[in-house]
Amino acid sequence: MDFSVKAISLVSSDDLASALGFASPNDAFRGFCRNLGITPVRRNPNFFDPKLVRLRLDQAQGLPAAAAAAANEGDLVEARRARRAAQ
């Protein structure tokens, strides 16, 4: 049995700033993050949760409904039940 623990992956402020098109994690980057609700992990302002970042960027682009529809699209059992109920 493999009981290895998976490490939590976080993205550094330097990496996130460069991925978002900023030269460094400067005040403009921090203001951008603050406006979108992207907050660093608790007690460490130099690291961010990549899932939170993706969620906030999707919300800023108006994509949460599309993500939920894509998630439901994969549930074939629910689709079949809905189809059968409509018959």
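For the single chain, residues carry numbers from 1 onward in sequence order. Scope of the values below: all heavy atoms of this structure, side chains included, with no hydrogens, waters or symmetry mates.
Between Phe48 and Ser13 the shortest heavy-atom distance is CE1-CB, 3.8 Å. Across Pro40 and Pro45, no two heavy atoms sit closer than the pair CB-CA, 3.7 Å.
The CG atom of Leu52 sits 10.5 Å away from atom CG of Leu36, with the distance rounded to the nearest 0.5 Å.
Residue pairs meeting the side chain to side chain donor-acceptor pair (under 3.5 Å) criterion with at least one member in residues 28-54, sequence neighbours excluded, are Arg54-Asp58.
Put simply, the side chain of Arg56 gets close to the backbone of Gly37: a donor and an acceptor are under 3.5 Å apart.
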Between Gln87 and Arg84, is a side-chain contact (heavy atoms from CB on, under 4.5 Å) present by the stated rule, with each step listed? CA-CA 5 Å; Gln87 291 178 349; Arg84 298 285 305 249; 4.2 Å; yes
Using residues 14-26 as the side-chain source, report each donor-acceptor pair under 3.5 Å to any protein atom, sequence neighbours left out, with the distance given to one decimal.
unit_1 : atom_1 : unit_2 : atom_2 : d
Asp15  : OD2    : Ser12  : OG     : 3.2
Ser18  : OG     : Asp14  : O      : 3.3
Ser18  : OG     : Asp15  : O      : 3.0
Asn26  : OD1    : Ala28  : N      : 3.3
Asn26  : OD1    : Phe29  : N      : 3.0

